[in-house]
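These figures come from a predicted structure and were not determined experimentally. Chain letters run A, B, ... following the sequence lines, proteins first and then strands; every chain starts at 1.
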2 protein chains.
Amino acid sequence: MPLTGHPIVARLTRVMKLSAVDVKSLEAIFERDLSVRKREELIVQGSEFRNLCFVKDGFAIRYRLLRSGKRQILKVILPGDVIGFPVSFFDRSTYAVVAVTELTYAVCSFDSYIRLCYEQPQFGLVLSWLAAQEAATYAEHIVNLGRRTPIERLAHLLLEIHARLLEVERADETSFNLPFSQEVIADVLGLSVPHLNRVIQQLRAEQLITSNSRLIELTDLAGLRKLAQYQPMDLAPIPVPKHRE
Amino acid sequence: MPLTGHPIVARLTRVMKLSAVDVKSLEAIFERDLSVRKREELIVQGSEFRNLCFVKDGFAIRYRLLRSGKRQILKVILPGDVIGFPVSFFDRSTYAVVAVTELTYAVCSFDSYIRLCYEQPQFGLVLSWLAAQEAATYAEHIVNLGRRTPIERLAHLLLEIHARLLEVERADETSFNLPFSQEVIADVLGLSVPHLNRVIQQLRAEQLITSNSRLIELTDLAGLRKLAQYQPMDLAPIPVPKHRE
DNA sequence: TACGCTTATTAACTTAGATCAATGAATAGA
DNA sequence: TCTATTCATTGATCTAAGTTAATAAGCGTA
């Protein structure tokens with residue numbers, strides 16, 4: 001499966017030199033390209049899952065459903081993200097993943113990836129690095145839910161998604177397409193839909209964003225950053241031992 | 001630095017066979033054992049940090065301070081945890097880590113650990129696996145803050161800490177020592193101190209816990225699990241390729 | 001033992017945000 | 001084009017949880 005132009009390559013090359021050979025080794029373990037339709041479940045809560053899916057295009061959400069019927073979305077999954085991490089390290093998934101739009105991805109088995117890591121250790125580090133980003137994103141989400149006001153939360157979420165989309169060239173300088181209903185965004189931010197709606201209107205009223213249907217325009221990036229106390233995460237490149245360079 | 005009996009070894013052996021040789025390679029890169037006093041900062045928000053600190057004993061918290069003065073604690077750090085992950089992958093830390101009790105730890109530089117990963121790929125995977133656990137713990141925290149009620153949150157937190165302490169033999173079947181003030185716990189759970197206090201009393205009134213000073217007794221484990229909808233995370237062992245076994 | 005500081009508890013008051021319910025607007029199939 | 005959902009918006013009401021402030025209990029140290 002050719003990976004050229006795949007957004008995951010764009011992400012990885014930001015932290016390590018991926019030689020043509022590296023890309024080839026990666027390609028070798030990929031089984032097939034798949035796609036799922038909108039609303040299709042990629043991972044069912046409580047099931048086993050031992051694959052890594054590198055998202056090429058489309059949007060998905062990872063979430064937990066509680067008995068009360070409440071849903072908490074843990075992460076919005078964008079092109080360049082990996083589905084199946086960290087769940088593949090566990091017995092079974094305690095979360096579900098569902099596609100929000102049509103979604104295409106390249107898939108390999110967890111085992112074959114692990115095998116690759118033993119042969120080429122840099123791929124193990126890549127996995128750690130992806131994990132580090134995942135953990136850092138989750139950490140921001142915790143700060144958001146725990147101690148930011150609803151308007152700050154929303155501003156922060158928009159900035160985060162914007163930055164992540166920029167990284168894989170799915171956004172331009174100040175705007176991007178976001179195919180999520182308000183119900184989805186409310187479940188990311190731990191808010192009710194009516195309240196989220198009010199908060200969106202506040203952001204619009206303060207001229208910080210404009211949005212119609214699914215297009216978000218960040219009218220005042222600096223203002224948003226200040227409101228959200230947004231700090232971009234600057235990744236350090238993965239160190240490469242001398243004798244390898 | 002001898003690692004025998006170090007809680008990190010207890011944690012690691014739960015997912016992979018650590019041979020005596022492996023432990024030796026780990027020991028070789030550790031520089032020295034350190035300790036810090038209560039309230040001492042291990043990582044300053046905004047600073048660089050390129051070390052891995054394997055906690056031997058004591059408690060710490062990782063947190064973010066907001067301009068408003070609010071604090072969100074991201075994680076309580078227990079014996080067996082690693083301080084410096086994931087921050088070592090980033091330019092500088094956006095979080096602070098401070099010791100809550102006296103704390104002792106073994107430290108190695110991030111670079112030397114990375115070097116070890118290139119020589120012995122299983123250590124790269126160990127890092128991924130620690131990261132996966134970290135991410136999973138954060139994910140639970142997100143669910144907690146976003147969609148659980150305060151009493152459920154507290155129950156969940158106590159169960160999580162209990163499970164993590166059990167893993168490194170710092171708790172017994174139903175009780176453990178927790179040297180955190182209510183202010184700390186409130187900042188983990190995104191609550192105010194007075195409200196947390198009410199919630200603690202609720203848990204006590206419902207006979208789910210008893211606690212005096214710093215000793216927590218989980219009087220009714222099953223009841224707590226049900227209340228919190230707690231699901232233990234069962235880790236799968238790291239697969240080892242055939243030709244290595 | 002006494003002092004001072006930190007921590008726990010309680011109460012009164014206020015408010016942000018949930019809930020419930022209704023109405024428009026938009027979109028996708030038939 | 002029409003119709004059926006899904007989605008966005010608004011309003012009224014209610015309550016959980018924050019805020020502030022005061023008091024009590026513990027604890028460390030001189």
Side-chain angles (χ1 to χ4, degrees), chain A residues 37-40 59 61 66 68-73 98-102 144-155 157-158 177-205 209-216 227, chain B residues 37-40 59 61 66 68-73 98-102 144-155 157-158 177-205 209-216 227:
Chain A
R37 266 166 303 134
K38 196 172 164 166
R39 278 162 223 265
E40 205 168 315
F59 294 76
I61 51 178
L66 298 178
S68 60
K70 286 188 206 296
R71 175 176 73 168
Q72 176 62 46
I73 294 175
V98 67
V100 173
T101 63
E102 190 186 17
N144 243 4
L145 292 171
R147 292 300 187 205
R148 280 201 256 255
T149 65
I151 196 171
E152 293 166 355
R153 276 184 225 180
L154 177 57
L157 178 69
L158 294 177
N177 236 67
L178 193 69
F180 294 145
S181 69
Q182 294 187 1
E183 193 186 358
V184 166
I185 298 174
D187 283 347
V188 173
L189 298 179
L191 300 171
S192 66
V193 171
H195 196 64
L196 171 67
N197 186 282
R198 284 167 207 135
V199 170
I200 291 174
Q201 290 176 49
Q202 247 183 293
L203 269 193
R204 286 202 273 242
I209 67 166
T210 58
S211 71
N212 53 16
S213 99
R214 298 295 141 102
L215 184 74
I216 311 279
L227 172 62
Chain B
R37 266 165 304 135
K38 197 170 164 168
R39 281 164 221 263
E40 207 168 313
F59 294 76
I61 51 177
L66 298 177
S68 60
K70 286 188 207 291
R71 174 176 75 167
Q72 177 62 44
I73 294 176
V98 67
V100 174
T101 62
E102 190 186 16
N144 242 5
L145 291 171
R147 292 300 188 206
R148 281 200 256 253
T149 65
I151 195 169
E152 294 165 356
R153 275 183 225 180
L154 176 57
L157 178 68
L158 293 177
N177 235 68
L178 193 68
F180 294 146
S181 69
Q182 293 187 4
E183 193 186 357
V184 167
I185 299 174
D187 283 347
V188 173
L189 298 179
L191 299 171
S192 65
V193 172
H195 196 64
L196 171 66
N197 187 281
R198 285 169 213 135
V199 170
I200 291 175
Q201 291 177 48
Q202 246 183 294
L203 270 193
R204 286 202 273 242
I209 66 167
T210 58
S211 71
N212 52 16
S213 101
R214 297 296 142 100
L215 183 75
I216 310 278
L227 172 63

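- When each of B:Val199, B:Leu203, B:Asn197 is checked for a side chain to side chain contact (heavy atoms under 4.5 Å, CB included) with B:Gln201, only B:Asn197 meets the rule.
- Every residue two or more places apart in sequence or in another chain was checked for a salt bridge (charged side-chain N to carboxylate O under 4.0 Å, His left out) with B:Arg39, and none qualifies.
- In this structure, CZ on B:Arg198 lies 13.5 Å from CD1 on B:Ile151, to the nearest 0.5 angstrom.
- The shortest distance between side-chain heavy atoms of A:Arg148 and B:Leu66 falls below 4.5 Å.
- For the helix from C:dT1-D:dA30 to C:dA30-D:dT1, the angle separating the two terminal helix axes comes to 50°, with each axis derived from five pairs and the value rounded to 10°.
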Taking only nitrogen or oxygen atoms into account, show me every contact under 3.5 Å that the protein makes with nucleotides 3-10 of chain C, one pair per line with its distance.
from, atom 1, to, atom 2, distance (Å)
C:dT7, O3', B:Arg214, NH2, 3.4
C:dA8, OP1, B:Arg214, NH2, 3.2
C:dA8, OP2, B:Gln182, N, 2.7
C:dT9, OP1, B:Arg204, NH2, 3.1
C:dT9, OP2, B:Gln182, NE2, 2.7
C:dT9, OP2, B:Asn197, ND2, 2.7
C:dT9, O5', B:Asn197, ND2, 3.3
C:dT10, OP2, B:Gln201, OE1, 2.6
C:dT10, OP2, B:Gln201, NE2, 2.7

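- In summary, contact between chain A and DNA chain D, defined as any nucleotide atom under 4.0 Å from a heavy atom of the protein, begins and ends at D:dC7 to D:dA12 in the 5' to 3' direction.
- With rounding to the nearest 0.5 Å, the separation of CD1 in A:Ile73 from CZ in A:Phe180 is 7.5 Å.
- Atom CZ in A:Arg71 sits roughly 17 Å away from atom C1' in C:dA18 (whole-Å rounding).
- In this structure, the side chains of B:Leu154 and B:Gln202 stay at 4.5 Å or more apart for every pair of heavy atoms.
- Listed by chain and number, the residues in a salt bridge (charged side-chain N to carboxylate O under 4.0 Å, His left out) with B:Arg153 amount to none (sequence neighbours excluded).
- Rounding to the nearest 0.5 angstrom, the gap separating the CG atom in B:Leu227 from the CG atom in B:Leu158 is 10.5 Å.
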Got a list of side-chain donor-acceptor pairs under 3.5 Å for residues 183-190 of chain A, not counting sequence neighbours?
from, atom 1, to, atom 2, distance (Å)
A:Asp187, OD1, B:Arg147, NH2, 2.7
A:Asp187, OD2, A:Arg71, NE, 2.7
A:Asp187, OD2, A:Arg71, NH2, 3.0

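- With rounding to whole Å, A:Arg37 atom CZ is found 11 Å from C:dG29 atom P.
- Closest approach of A:Pro179 to A:Thr101, counting heavy atoms only: CG-CG2, 3.5 Å.
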